[in-house]
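The block underneath contains the structure these notes are about, expressed in structure tokens.
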Amino acid sequence: MPEIFKPHPTETPRPIPSLPARAFTMSAARRNELATAFRAGGKHYDAVRPSYPQAALDFMVPPRARDAVDVGAGTGIFTAMLLGRGLRVRAVEPSTDMLGVLRARLPEVIAAEGTGEHTGLEAASADVITYAQAWHWVDPKQASSEAARILRSGGLLSMVWNQLDVSVSWVHRLARIMHAGDVHRPDFQPPLGQEFFAPEPGQWTWNQELTGEQIIDLAKSRSYYLRASEATRARVESNLSWYLYEHLGHEEGTPITVPYLTHAWRARLR
């Protein structure tokens, strides 16, 4: 699935949801319940989810970093970028299904089952800890404490989210039909524990070429769809087909330029 990491023009900004900021107000039980959506479907997730701009990686990783830990690594989409930078990489992921895909894809990475709150890794063993599309699945205070334990002096805790660029009007409606829960407000700042200085933000816009069928497949990789009943899933697919092919007038199999926005934050250990 090709990505084109280049700026794109945007239309008049639209009001957007407050997620994943809202995720940090959930109880641990509710957060764990929602996360069960990703216990299976790792191969599909890996096939349809996009990678990240190189500029985001440059922003998130210290220049002299040697050892990285990717927490909530999923199928290894961001892990692969860390590895490509020449870092020694360890991956932590709670889903055994996701880990299976990651291990097959990146056998050179040390991958272990764990969470952001309990990684099982040794203290002072990393220069950077990354969370790609994953910080909203942890308790921020507990995960901050665990990150502070693992990081060496001056290390970075870095987070990144890809989201559909809902400042573009047709994408805003697409995100609502998809129930894209990882869209957040421009002023969002991820909550951290007192072990870290205030996070510094970075932001990039880019485009991805997807067919309508691939956009529907992307919707099928989201937690809302994965947890939904068969009737709800059918409704989401029907609504997306109507919107893409009838309302917007795209033809099946024809590439559609989909605008994306990537937000990243990096916070230095106190």
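Worth knowing before you read on, the calculation uses all heavy atoms, side chains too, and leaves out hydrogens, waters and symmetry mates. What you are looking at is a predicted structure, and each value in this text was computed from that prediction instead of being measured. For reference, positions follow the sequence shown, starting with 1.
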Decide yes or no on side-chain hydrogen bond (donor to acceptor under 3.5 Å, both in side chains) for Ser229 and Thr232, but give the supporting numbers first.
CA-CA 5 Å; Ser229 66; Thr232 298; 3.1 Å; yes

Before giving the answer on side-chain contact (heavy atoms from CB on, under 4.5 Å), spell out for Val128 and Met60 the whole-Å C-alpha distance, their side-chain angles and the decisive distance to 0.1 Å.
CA-CA 8 Å; Val128 59; Met60 295 168 64; 5.8 Å; no

For Leu82 and Leu57: C-alpha separation, side-chain torsions, deciding distance, then whether side-chain contact (heavy atoms from CB on, under 4.5 Å) applies.
CA-CA 8 Å; Leu82 293 168; Leu57 178 70; 3.8 Å; yes

Residue pair Thr96, Glu113: steps toward the side-chain hydrogen bond (donor to acceptor under 3.5 Å, both in side chains) verdict
CA-CA 7 Å; Thr96 55; Glu113 189 170 341; 5.4 Å; no

Please lay out, stage by stage, how Glu209 and Thr257 fare under the test side-chain hydrogen bond (donor to acceptor under 3.5 Å, both in side chains).
CA-CA 5 Å; Glu209 297 295 320; Thr257 300; 2.7 Å; yes

Test side-chain contact (heavy atoms from CB on, under 4.5 Å) on Lys220 and Leu218; report intermediate values, then the result.
CA-CA 5 Å; Lys220 293 179 181 180; Leu218 181 63; over 6 Å; no

Show your working on side-chain contact (heavy atoms from CB on, under 4.5 Å) between Trp135 and Leu157 and close with a plain yes or no.
CA-CA 11 Å; Trp135 186 249; Leu157 171 59; 3.9 Å; yes

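If you check the side chains of Thr119 and Glu146, you find a donor sitting under 3.5 Å from an acceptor. Side-chain atoms of Ser125 and Arg152 form no donor-acceptor pair, as typed in the model, at a separation below 3.5 Å.
Under the 3.5 Å distance criterion, the side-chain polar atoms of Thr254 are left unmatched by any main-chain donor or acceptor of His250. Between the Trp204 side chain and the Gln54 main chain, no donor and acceptor come within less than 3.5 Å of each other. Distance alone, capped at 3.5 Å, places no donor-acceptor pair between the Asp67 side chain and the Asp127 backbone. Remark: the backbone N or O of Thr211 is paired with a side-chain donor or acceptor of Gln214 at under 3.5 angstrom. Of the possible donor and acceptor atoms, one in the side chain of Tyr243 sits under 3.5 Å from a partner among the backbone N and O of Trp170. The main-chain N or O of Ala111 is found under 3.5 Å from a side-chain atom of Arg103 such that the two form a donor-acceptor pair. At distances below 3.5 Å, not a single donor-acceptor pair connects side-chain atoms of Arg266 with backbone N or O atoms of Pro201. The backbone N or O of Gly74 lies less than 3.5 Å from a partner atom in the side chain of Glu93, making a donor-acceptor pair. Counting only distance, with no hydrogens or angles, the side chain of Arg268 and the backbone of Gly154 share a donor-acceptor pair below 3.5 Å. Put simply, the side chain of Arg233 gets close to the backbone of Tyr225: a donor and an acceptor are under 3.5 Å apart.
Counting heavy atoms of neighbouring residues, nucleotides and ligands inside a 6.0 Å radius, atom CD of Glu108 exceeds 12 of them. When the shell of 6.0 Å around CD1 of Ile110 is examined, it contains 12 or fewer heavy atoms from other residues, nucleotides or ligands.
One finds the CG atom of Asn239 at 6.0 Å from the CD1 atom of Ile177 (value rounded to the nearest 0.5 Å). Expressed to the nearest 0.5 Å, how far CD1 of Ile256 lies from CG of Leu210 amounts to 8.0 Å. Rounding to the nearest 0.5 Å places OG1 of Thr75 at 10.0 Å from CG of Asp97. The CG atom of Asp217 lies 8.5 Å from the CD atom of Glu237; values are rounded to the nearest 0.5 Å. Distance CD1/Ile216 to OG/Ser221: 13.0 Å, rounded to 0.5 Å. Atoms OG1 and CG, on Thr262 and Asp165 in that order, are 9.5 Å from each other to the nearest 0.5 Å.
Aromatic ring centres of His263 and Trp265 lie closer together than 6.0 Å. Between Trp161 and His136, the ring center distance clears the sub-6.0 Å criterion. The aromatic ring centroids of Trp137 and Tyr131 lie 6.0 Å or more from each other.
The minimum heavy-atom distance linking Ala91 with Leu102 is given by the pair CB-CD1, 3.9 Å. Taking each heavy atom of Pro191 and Pro140 in turn, the nearest pair found is O-CB, 3.3 Å. Among all heavy-atom pairs drawn from Ile77 and Pro50, the shortest one is CG2-O, 3.6 Å. Shortest non-hydrogen contact noted between Leu87 and Ala65 is CD2-O, 3.1 Å. The heavy-atom pair separating Leu240 from Ala219 by the smallest distance is CD1-CB, 3.5 Å. Leu244 approaches Gly212 most closely through the heavy-atom pair CD1-O, 3.7 Å.
There is no path of hydrophobic side-chain contacts, each under 4.5 Å, that joins Leu99 to Leu83. Note on Trp242 and Tyr245: same hydrophobic cluster, where clusters join Ile, Leu, Val, Met, Phe, Trp and Tyr whose side-chain heavy atoms are under 4.5 Å apart, directly or indirectly. Leu248 and Tyr260 end up in the same hydrophobic cluster when Ile, Leu, Val, Met, Phe, Trp and Tyr side chains are linked at under 4.5 Å.
No side-chain heavy atom of Gln133 sits under 4.5 Å from any side-chain heavy atom of Met159. No side-chain heavy atom of Asn162 sits under 4.5 Å from any side-chain heavy atom of Phe78. Using a 4.5 Å cut-off on side-chain heavy atoms (C-beta onward), Leu192 and Pro199 make contact. Annotation: side chain of Arg66 is in contact with side chain of Arg88 (closest heavy-atom distance under 4.5 Å). Put simply, the side chain of Val92 does not reach to within 4.5 Å of the side chain of Thr115, judged on heavy atoms.
Looking at Arg149 and Glu122, no side-chain N of the basic residue comes within less than 4.0 Å of a carboxylate O on the acidic one, giving no salt bridge.
Tested against Val69, the residues Thr130, Ile129, Val89 include a single side-chain contact (heavy atoms from CB on, under 4.5 Å) partner, Ile129.
A cation-pi arrangement is absent between Arg270 and Phe196 under the rule of less than 6.0 angstrom and at most 45 degrees off the ring axis.
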